[in-house]
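Reviewing the structure listed below.
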Amino acid sequence: MSFLDNQPNFGLAKQRADEFVKSVPKAIFTQEAALPEKLRNLNASKSVKLRKVYQLADEFSRLMAPYIACANGCSHCCHDGVEISSLEAASISNFSGRTARPIQKSILRTDKPYRGSPCPFLVEDSCSVYEVRPLVCRNHASYDATNRACLPAHIDEDRPMLRFGGLLNAWVEVSSGKGDPVLADIRDFFN
């Protein structure tokens with residue numbers, strides 16, 4: 001696990017993130033590092049493998065809870081870009097009953113066109129597909145001590161983010177077919 005590259009020093013939020021990293025049992029980091037190979041050798045469907053990625057991401061979320069400001073009803077991150085794989089779109093489609101738009105080639109956006117626009121599955125400041133929410137949503141957290149980042153005046157501020165390398169690599173491999181995974185914003189898959 002590491003911080004995303006080229007991020008400024010975020011003071012207290014970075015300190016809280018560092019404290020979280022120090023609190024994670026070494027066995028969890030070992031499990032995360034081994035996850036891509038474990039899933040490669042697992043004779044199971046892609047959806048089963050994706051659930052295994054989610055289970056470990058949820059364990060990290062459980063461990064980070066004391067270090068983050070995120071709470072039920074906080075939906076700042078749901079008004080930003082939410083890049084998902086076509087496999088995740090299929091999982092969300094199966095869960096929600098909404099049809100995902102078929103996307104054959106990744107749509108990678110660097111201009112943040114969805115910043116400030118709610119996720120199509122945000123209902124009354126809660127995720128209506130929480131059980132099958134994408135990995136990016138499971139990993140996103142505000143290490144601030146308060147909900148300051150969730151206030152509309154701060155929507156354009158970036159936050160310190162952690163990179164979970166084993167989870168990300170496993171997610172990419174599970175989401176890939178014989179080539180690169182098809183990635184797009186959740187809003188590209190769902191209106």
Side-chain angles (χ1 to χ4, degrees), residues 1-7 17-18 20-65 67-68 70 77-78 80-110 119 121 127 129-141 143 159-190:
M1 178 185 324
S2 65
F3 282 100
L4 292 176
D5 300 330
N6 302 320
Q7 290 193 12
D18 288 339
F20 158 65
V21 171
K22 290 176 187 171
S23 77
V24 175
K26 187 174 182 174
I28 300 293
F29 285 128
T30 302
Q31 186 180 355
E32 185 212 6
L35 187 62
E37 184 173 344
K38 178 181 176 182
L39 294 182
R40 261 182 245 123
N41 296 324
L42 182 64
N43 184 17
S45 69
K46 286 185 176 230
S47 60
V48 167
K49 291 178 180 184
L50 183 62
R51 281 195 299 274
K52 298 252 182 227
V53 172
Y54 288 172
Q55 287 170 349
L56 186 54
D58 290 346
E59 178 62 17
F60 275 111
S61 292
R62 185 186 68 75
L63 293 169
M64 76 174 61
Y67 303 94
I68 61 175
C70 305
C77 56
C78 305
D80 208 345
V82 181
E83 187 176 83
I84 67 172
S85 69
S86 56
L87 179 63
E88 289 175 308
S91 176
I92 292 168
S93 182
N94 288 337
F95 182 83
S96 70
R98 291 176 63 178
T99 302
R101 182 180 300 120
I103 297 176
Q104 304 303 317
K105 185 177 176 185
S106 291
I107 303 171
L108 304 177
R109 302 182 185 277
T110 57
C119 171
F121 296 99
C127 179
V129 293
Y130 189 82
E131 186 178 315
V132 295
R133 71 197 183 283
L135 182 63
V136 68
C137 299
R138 291 168 194 264
N139 285 344
H140 193 89
Y143 292 94
R159 314 278 6 119
M161 299 302 296
L162 293 173
R163 175 184 297 151
F164 298 87
L167 283 174
L168 183 58
N169 290 339
W171 174 80
V172 167
E173 287 185 27
V174 168
S175 296
S176 298
K178 294 185 179 184
D180 293 330
V182 174
L183 306 175
D185 191 274
I186 196 166
R187 295 159 193 87
D188 294 320
F189 286 104
F190 301 95

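All of these numbers come straight from a predicted model, not from anything done at the bench.
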Taken to the nearest 0.5 Å, the spacing of Met64 CE from Glu59 CD works out to 10.5 Å
OG of Ser47 to CG of Asn94, rounded to nearest 0.5 Å, is 8.5 Å
Tightest non-hydrogen contact, residues Arg187 and Arg101, listed as O-NH1, 4.0 Å
Handout entry: Min side-chain heavy-atom separation Asp188-Arg109 under 4.5 Å
Key = yes
#### Entry: pair Leu50-Trp171: side-chain heavy atoms closer than 4.5 Å
yes
Review point. Within the distance-only criterion (no hydrogens, no angle test), does the side chain of Ser86 pair as donor or acceptor with the backbone N or O of Pro102 below 3.5 angstrom?
Key: no
Item checked: Heavy-atom side-chain contact between Pro36 and Val172 under 4.5 Å -> no
Hey, is Arg133 close enough to Asp58 for a salt bridge, meaning N to O under 4.0 Å? yes
In short, Glu88 meets Leu135 closest at the heavy-atom pair OE2-N, 2.8 Å
Q) Distance under 6.0 Å and angle within 45° of the ring axis: does Arg98 meet both against Phe121? A) yes
When every non-hydrogen atom of Leu39 is compared with those of Ala170, the smallest separation belongs to CD1-CB, 3.9 Å
Glu37 meets the side-chain hydrogen bond (donor to acceptor under 3.5 Å, both in side chains) criterion, sequence neighbours left out, with none
Practice prompt. Please test Ile107 against Asp185 for side chain to side chain contact (heavy atoms under 4.5 Å, CB included), starting from the C-alpha separation and ending with a verdict.
Written response: CA-CA 7 Å; Ile107 303 171; Asp185 191 274; over 6 Å; no
Check: Is there side-chain contact between Asn139 and Leu162, with at least one heavy-atom pair below 4.5 Å?
Finding: no
Donor-acceptor pair, distance only, cut-off 3.5 Å: does the side chain of Ser93 make one with the backbone of Ala89?
no
Separation between CD1 (Ile84) and SG (Cys119), nearest 0.5 Å, reads 8.0 Å
Strictly distance-based, threshold 3.5 Å: is any side-chain N or O of Ser23 a donor or acceptor partner for the main-chain N or O of Phe20? yes
Between Ala141 and Cys70 the two heavy atoms that sit nearest each other are CA-SG, 3.7 Å
For the backbone of Arg138 and the side chain of Ser61, can you confirm whether one donor and one acceptor N or O come within less than 3.5 Å of each other? yes
d(Glu173 CD, Lys49 NZ) to nearest 0.5 Å is 9.0 Å
Glu32 side chain to Leu56 backbone, donor-acceptor under 3.5 Å: no
Sequence neighbours excluded, the answer for ring-ring contact (aromatic ring centres under 6.0 Å, His included) partners of Tyr54 is none
Residues His140 and Cys77: closest non-hydrogen pair is CD2-CB, 3.2 Å
Residue pair Leu63 / Pro25, side-chain heavy-atom distance below 4.5 Å | yes
Answer yes or no: is there a side-chain heavy-atom contact under 4.5 Å between Val21 and Phe29?
yes
One should read off an interatomic distance between Phe60 CZ and Leu167 CG, to the nearest 0.5 angstrom, of 5.5 Å
dist Leu168:CG -> Leu35:CG (nearest 0.5 Å) comes out at 11.0 Å
